[in-house]
> 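Take this structure first; my questions come after.
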There are 2 protein chains.
Amino acid sequence: MATLCRNCPIRKRRIFAPMTRREVAFMERFKAGEMSVDAGTTLLIEGSNSPQLFTVLSGMGLRYKTMPEGRRQVVNFVLPGDFVGLQAGVMREMQHSVEASTPMRLCVFRRDELWSLFRDHPERAFDLTWLAAVEEHFLGESLAALGQLDAIERIARAFVKFHDHGQALDLVTGGEMRLPYTQQDLADALGLSVVHTNKTLRKLRDQQVASWQNGKLRVLSYERLCDLGQLDPERVPLQRPLI
Amino acid sequence: MATLCRNCPIRKRRIFAPMTRREVAFMERFKAGEMSVDAGTTLLIEGSNSPQLFTVLSGMGLRYKTMPEGRRQVVNFVLPGDFVGLQAGVMREMQHSVEASTPMRLCVFRRDELWSLFRDHPERAFDLTWLAAVEEHFLGESLAALGQLDAIERIARAFVKFHDHGQALDLVTGGEMRLPYTQQDLADALGLSVVHTNKTLRKLRDQQVASWQNGKLRVLSYERLCDLGQLDPERVPLQRPLI
DNA sequence: CGGGCTCTTGACACAAGTCAAATCGCGTGG
DNA sequence: CCACGCGATTTGACTTGTGTCAAGAGCCCG
């Protein structure tokens with residue numbers, strides 16, 4: 001039996017904006033059920049018009065676009081609390097695919113209820129827009145990273161983001177965080193070749209800044225990492241709504 | 001005296017989704033007035049919490065982020081029909097700046113009415129989310145371009161986008177479209193240096209594919225341009241809502 | 001034990017950046 | 001009306017970051 005939203009395992013994390021009891025109650029109606037998938041499953045596929053909206057409860061994945069020549073751009077990494085499928089919800093169809101990198105547990109919503117969300121729950125509708133704006137913000141940041149930073153800076157920045165996001169979600173234990181991706185995934189996200197990504201990772205390891213081996217990310221010098229990634233180590237992570 | 005929305009000069013363009021009479025009526029209440037600015041004006045500034053939302057009626061501009069080292073990433077180019085300021089509307093503050101590249105005329109909305117839009121006009125609220133999703137889609141495309149394409153391909157793609165967008169807005173006259181940007185602007189958008197951008201533009205000119213001089217873009221071979229930009233020349237431009 | 005992914009490293013090629021200088025265009029002021 | 005100055009555009013010479021190719025090592029799973 002699916003968990004009730006009021007007992008949602010991730011709702012209380014401080015990264016998420018708090019919800020009123022009434023909102024939680026509506027979400028329970030909006031929720032269609034839960035779904036578990038194996039690592040490697042494609043949840044949503046580019047060009048499809050999937051009838052489902054998900055919130056990630058656990059596990060990690062990635063969003064990507066494929067180019068005509070077979071190259072792939074990883075748009076971002078999907079972590080618990082992320083909402084996927086909004087594009088198909090409001091536009092005709094998905095413009096990217098979403099794939100599970102680990103087994104994932106997902107909260108499934110009824111797309112046909114999306115309209116009632118807008119009609120009857122303006123606060124939630126507002127949150128949805130907020131979410132889309134936050135997403136847009138992150139994409140803008142990634143764009144700036146690809147456009148303006150070199151390889152080591154991009155990787156450093158990505159690691160800082162992972163680390164912070166992981167911290168906010170309590171995914172960091174003993175200074176380590178599980179990053180279930182391949183170097184190819186990271187390379188495709190940062191617009192680098194695997195080979196160069198690999199060599200750059202080695203540099204970060206050699207300089208004792210951060211290491212990522214056996215699927216575990218270990219930040220050795222948060223200072224240096226932020227410095228490389230051109231991020232302010234003091235910046236406050238922005239809160240976002242959970243749908 | 002400001003134009004009434006029912007007479008809005010850009011509403012009828014086919015790129016925009018049609019509006020019901022009731023929606024138009026609401027927009028007239030939502031609208032606070034109009035504003036005209038000179039070229040070079042900064043409309044919104046990164047980190048500020050501007051109280052205004054705009055829809056561009058005429059003129060062009062650009063959205064950009066500045067990096068700590070003084071580099072700049074142009075996030076996208078702002079054309080008539082674009083809605084700016086949504087980020088400040090739903091999040092704390094703007095994450096990017098918006099600057100006018102030509103004189104611009106803007107439709108100004110009251111931010112404090114944003115909430116009533118969500119409360120009383122779910123269809124418009126939906127459109128706002130739709131808009132955010134469309135925006136996100138475009139950023140994803142740009143990300144893929146920066147990550148996966150080389151200089152000539154990126155520029156070709158940018159030109160195709162400009163050309164199509166311009167066509168949809170009736171900005172192309174006599175095979176020419178006014179592009180009031182500097183090569184530095186384009187370079188900052190595509191993650192290239194001005195020098196290399198310049199040399200690549202020359203290649204496109206020499207190969208009779210496209211030329212951009214004196215602020216005028218001239219597409220000589222749409223076929224070749226799409227081919228270079230890895231875009232399907234037959235793809236349908238996606239419709240979007242006008243706010 | 002073998003096949004297929006990843007990950008790693010080295011050698012080499014090439015796209016793109018940097019530096020520098022000349023030219024062009026345009027608005028301003030003498 | 002012309003001289004000046006400033007920003008944008010062009011071009012060449014050189015440097016360097018990153019990609020490609022290739023081959024080997026490690027590892028997991030059947």
Side-chain angles (χ1 to χ4, degrees), chain A residues 38-40 62 67 69-74 99 101-103 145-158 178-207 210-218 228 230, chain B residues 38-40 62 67 69-74 99 101-103 145-158 178-207 210-218 228 230:
Chain A
D38 290 336
L62 40 80
M67 312 285 288
E69 268 59 10
R71 299 173 63 102
R72 177 183 74 149
Q73 175 68 40
V74 170
E99 190 175 306
S101 301
T102 66
L146 291 214
Q148 310 302 328
L149 305 183
D150 66 20
I152 198 167
E153 295 171 328
R154 288 183 217 174
I155 294 184
R157 177 180 280 241
R178 181 156 157 60
L179 266 202
Y181 302 105
T182 64
Q183 294 186 0
Q184 183 70 64
D185 292 336
L186 186 63
D188 287 347
L190 303 180
L192 301 168
S193 68
V194 215
V195 174
H196 198 243
T197 301
N198 181 287
K199 288 174 180 171
T200 308
L201 287 170
R202 169 162 254 297
K203 268 190 211 155
L204 286 174
R205 243 183 293 134
D206 290 350
Q207 299 177 191
S211 78
W212 174 35
Q213 281 175 313
N214 309 316
K216 303 264 192 224
L217 173 65
R218 185 158 215 116
L228 278 169
Q230 307 200 5
Chain B
D38 290 337
L62 39 80
M67 312 285 288
E69 268 59 11
R71 299 174 63 103
R72 177 182 76 148
Q73 175 67 40
V74 169
E99 191 175 304
S101 300
T102 66
L146 291 213
Q148 311 302 329
L149 305 183
D150 66 18
I152 200 167
E153 294 170 331
R154 288 182 217 176
I155 294 184
R157 177 180 281 242
R178 182 159 156 57
L179 264 202
Y181 303 105
T182 65
Q183 294 186 3
Q184 183 71 65
D185 292 335
L186 185 63
D188 287 348
L190 302 181
L192 301 168
S193 68
V194 215
V195 174
H196 198 242
T197 300
N198 181 285
K199 288 174 179 169
T200 308
L201 286 170
R202 169 163 254 298
K203 268 189 213 157
L204 286 175
R205 242 181 295 134
D206 290 350
Q207 297 177 179
S211 79
W212 174 35
Q213 281 175 313
N214 309 316
K216 304 263 191 224
L217 173 65
R218 184 158 214 115
L228 277 169
Q230 307 200 5

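Here is how names work: the chains are called A, B, and so on, in the same order as the sequence lines, proteins then strands, and each is numbered from 1.
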> Could you give the CG-to-P distance, from A/L186 to C/dT6, as a whole number of Å?
14 Å

> What's A/G215 touching, base or sugar-phosphate or nothing? Going by heavy atoms closer than 4.0 Å.
nothing

> Whole angstroms only, please: what is the CG-C1' distance between B/D188 and D/dA8?
14 Å

> For the pair made of CG in B/D185 and C1' in D/dG7, what is the distance, rounded to whole Å?
13 Å

> For nucleotides 9-17 of chain D, print each protein N/O atom paired with a nucleotide N/O atom at under 3.5 Å, atom names and distance only.
residue	atom	partner	partner atom	Å
D/dT9	OP2	B/Q183	N	3.0
D/dT10	OP2	B/Q183	NE2	2.6
D/dT10	OP2	B/N198	ND2	2.9
D/dT11	OP1	B/R202	NE	3.2
D/dT11	OP1	B/R202	NH2	3.0
D/dT11	OP2	B/R202	NE	2.4
D/dG12	N7	B/K199	NZ	3.2
D/dA13	N6	B/K199	NZ	3.3

> From NZ of B/K216 over to C1' of D/dA8, roughly how many Å is that when rounded to an integer?
17 Å

> For a 4.5 angstrom cut-off between non-hydrogen side-chain atoms, does A/R178 reach A/L217?
no

> Could you walk me through whether B/E99 and B/D185 pass side chain to side chain contact (heavy atoms under 4.5 Å, CB included), step by step?
CA-CA 11 Å; B/E99 191 175 304; B/D185 292 335; over 6 Å; no

> Quick one: B/R154 CZ to C/dG17 C1', roughly how many Å, whole number?
12 Å

> Going by heavy atoms in the side chains, are A/Q183 and A/W212 under 4.5 Å from each other?
yes

> Could you list the protein-to-nucleotides 25-30 of chain D atom pairs, N/O on both sides, closer than 3.5 Å?
none

> Based on the rotation axes of five pairs at each end, what angle does the helix from C/dC1-D/dG30 to C/dG30-D/dC1 bend through, to 10°?
40°

> Salt bridge or not between A/R202 and A/D206? Use side-chain N to carboxylate O under 4.0 Å.
yes

